[in-house]
Amino acid sequence: MLKVATWNVNSIRTRLSQLAEWLNKEQPDIVGLQELKLSDHEFPNEALNELGYKSVYLGQKSYNGVAILSKEDPKETITGIPGFEDSQARVIATTVGAVRFLSIYAPNGQALDSDKYQYKLEWFTHLKNYLTGILIEYPNTIVVGDFNVAPEDRDVHNPAAWRDSVLVSPAERTAFFQLLELGLIDTFRLFDQAHAAYTWWDYRNLGFERNHGLRIDHILANTNLALSCGHSWVDLAPRKNERPSDHAPVVSEFYI
DNA sequence: ATGGTCGGTAACCGA
């Protein structure tokens, strides 16, 4: 059994005790983290080692930042998207056992008329090209993270209100589905799920209490590996903590 | 702090 997870922690410094508690309880084998919001030299490597996890990470002061934690030693780590110069820390890849594993943090995009939205779409094009090669090279690939895209209207609490806004716009959804067309599967949707299952809720306006959320954090697996996926779920418990991240973890289990 | 709440930063920006 291989248990993998993704969690946008929204500052690993602020969330470290919650992360530690969650790792101890859930014991995932591999975890992708996003929005570390600190520099590499501030990463809590020792604290995670004491919890039984090796780490690889690409930090950035204040913004972004991605990591992969694993019980087994990670090997052949690559940070960023090769060939794409980007000052923002959004992609890390490593090999754990037989699996090539990526933790990604897609740009938010801010608004459809923003330069950041154009950057988001360009970033997805570079990610797609990068993943094309990875899926040829590695027989087992898992791509997790905060994609900042709710793929379908059922992934949005109020599709009419969100229509044509960032995170749900047609161009963003097309960019997401182009990743799936490479041969990746959204493992969460392999299984029956509760109605209104989301992974992110705005801190404002009692978003979580009202379940005004979006499903924007995903665990994708290549087709062959997805055949061995036994279950996938959103773990709501950490979102109920005091001072929570605005995202909940997503977990998938593979029988390999 | 041009709505609401957080995070990091120390300028309000980003989400």
Side-chain angles (χ1 to χ4, degrees), chain A residues 6-22 31-45 47-48 57-67 80 86-92 103-124 127 144-151 155-159 161-169 171-173 175-176 198-218 234 236-250:
Chain A
T6 186
W7 192 8
N8 179 326
V9 291
N10 188 16
S11 170
I12 195 171
R13 186 167 20 222
T14 297
R15 225 64 65 196
L16 184 58
S17 63
Q18 293 182 43
L19 175 61
E21 180 184 38
W22 185 77
V31 185
L33 301 177
Q34 302 85 34
E35 283 208 85
L36 307 178
K37 293 189 168 179
L38 46 63
S39 305
D40 281 347
H41 70 272
E42 299 177 296
F43 187 87
N45 199 36
L48 293 165
Y57 42 90
L58 178 64
Q60 180 182 336
K61 182 182 167 73
S62 306
Y63 304 110
N64 311 311
V66 286
D86 191 353
S87 61
Q88 304 186 20
R90 297 189 175 279
V91 178
I92 189 166
S103 175
I104 69 102
Y105 175 50
N108 171 283
Q110 194 169 65
L112 268 58
D113 60 358
S114 167
D115 290 346
K116 295 187 178 110
Y117 182 78
Q118 289 307 316
Y119 163 68
K120 181 176 191 174
L121 296 178
E122 289 162 15
W123 183 90
F124 267 106
L127 179 67
V144 311
D146 177 356
F147 289 74
N148 266 317
V149 177
D155 301 312
V156 180
H157 72 91
N158 184 344
W162 277 84
R163 187 175 167 74
D164 289 332
S165 63
V166 74
L167 310 186
V168 309
S169 72
E172 290 166 83
R173 285 177 166 175
F176 180 81
Y198 308 126
T199 65
W200 168 83
W201 302 260
D202 200 306
Y203 283 125
R204 294 168 286 192
N205 307 318
L206 301 173
F208 183 65
E209 290 78 358
R210 293 172 172 159
N211 197 27
H212 288 181
L214 301 179
R215 192 178 71 93
I216 57 176
D217 301 88
H218 307 297
V234 180
L236 295 175
R239 189 62 177 78
K240 299 174 182 174
N241 289 342
E242 293 286 326
R243 287 173 68 91
S245 169
D246 45 353
H247 296 252
V250 184

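Owing to the predicted nature of the structure, the values given are computational and were not obtained by experimental measurement. Letters A, B, ... are given to chains in the order of the sequence lines, protein chains preceding strands, and every chain is numbered from 1.
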Expressed as a whole number of angstroms, how long is the span from [X]:[atom1] to [N]:[atom2]?
X	N	atom1	atom2	answer
A:Phe208	B:dG4	CZ	C1'	19 Å
A:Glu42	B:dG8	CD	C1'	11 Å
A:Arg13	B:dG7	CZ	C1'	10 Å
A:Arg210	B:dT5	CZ	P	12 Å
A:Gln60	B:dG7	CD	C1'	14 Å
A:Leu19	B:dG7	CG	C1'	16 Å
A:Glu242	B:dT5	CD	C1'	15 Å

Counting only side-chain N and O atoms of A:Arg243, is one of them less than 4.0 Å from OP1 or OP2 of B:dG7?
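True: A:Arg243 side-chain N/O within range (under 4.0 Å) of B:dG7 OP1/OP2.
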_Counting only side-chain nitrogens and oxygens, does A:Thr14 get under 4.0 Å of the OP1 or OP2 atom of B:dG7?_
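No, no such contact exists.
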If we ignore angles and hydrogens, is there a donor and acceptor under 3.5 Å between the side chains of A:Ser169 and A:Tyr117?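 Yes.
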Name the pairs: protein N/O against N/O of nucleotides 13-15 of chain B, kept only if under 3.5 Å.
unit_1: B:dG14; atom_1: OP2; unit_2: A:Lys116; atom_2: NZ; d: 3.2

Tell me every residue that passes ring pair (Phe, Tyr, Trp, His ring centres under 6.0 Å) with A:Tyr57, counting only those two or more places apart in sequence or in another chain.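 Scan of A:Tyr57 (ring pair (Phe, Tyr, Trp, His ring centres under 6.0 Å), adjacent residues dropped) gives A:Phe43.
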Test of understanding: with ring pair (Phe, Tyr, Trp, His ring centres under 6.0 Å), list the residues that count as partners of A:Phe147, not counting sequence neighbours.
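Checked A:Phe147 against ring pair (Phe, Tyr, Trp, His ring centres under 6.0 Å); matches are A:Phe176, A:His218.
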(message) Restricting to side-chain hydrogen bond (donor to acceptor under 3.5 Å, both in side chains), what partner residues turn up for A:Thr14, sequence neighbours left out?
(response)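 So A:Thr14 forms a side-chain hydrogen bond (donor to acceptor under 3.5 Å, both in side chains) with A:Ser11.
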So, using side-chain hydrogen bond (donor to acceptor under 3.5 Å, both in side chains) as the criterion, who are the partners of A:Asn205 when residues are at least two apart?
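If we apply the side-chain hydrogen bond (donor to acceptor under 3.5 Å, both in side chains) test to A:Asn205, skipping adjacent residues, there are no hits.
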Subject >> Of all pairs that satisfy salt bridge (charged side-chain N to carboxylate O under 4.0 Å, His left out), the ones with a partner from residues 205-216 of chain A, not counting sequence neighbours >> reply: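 Qualifying pairs, neighbours excluded: A:Asp155-A:Arg215, A:Asp186-A:Arg215.
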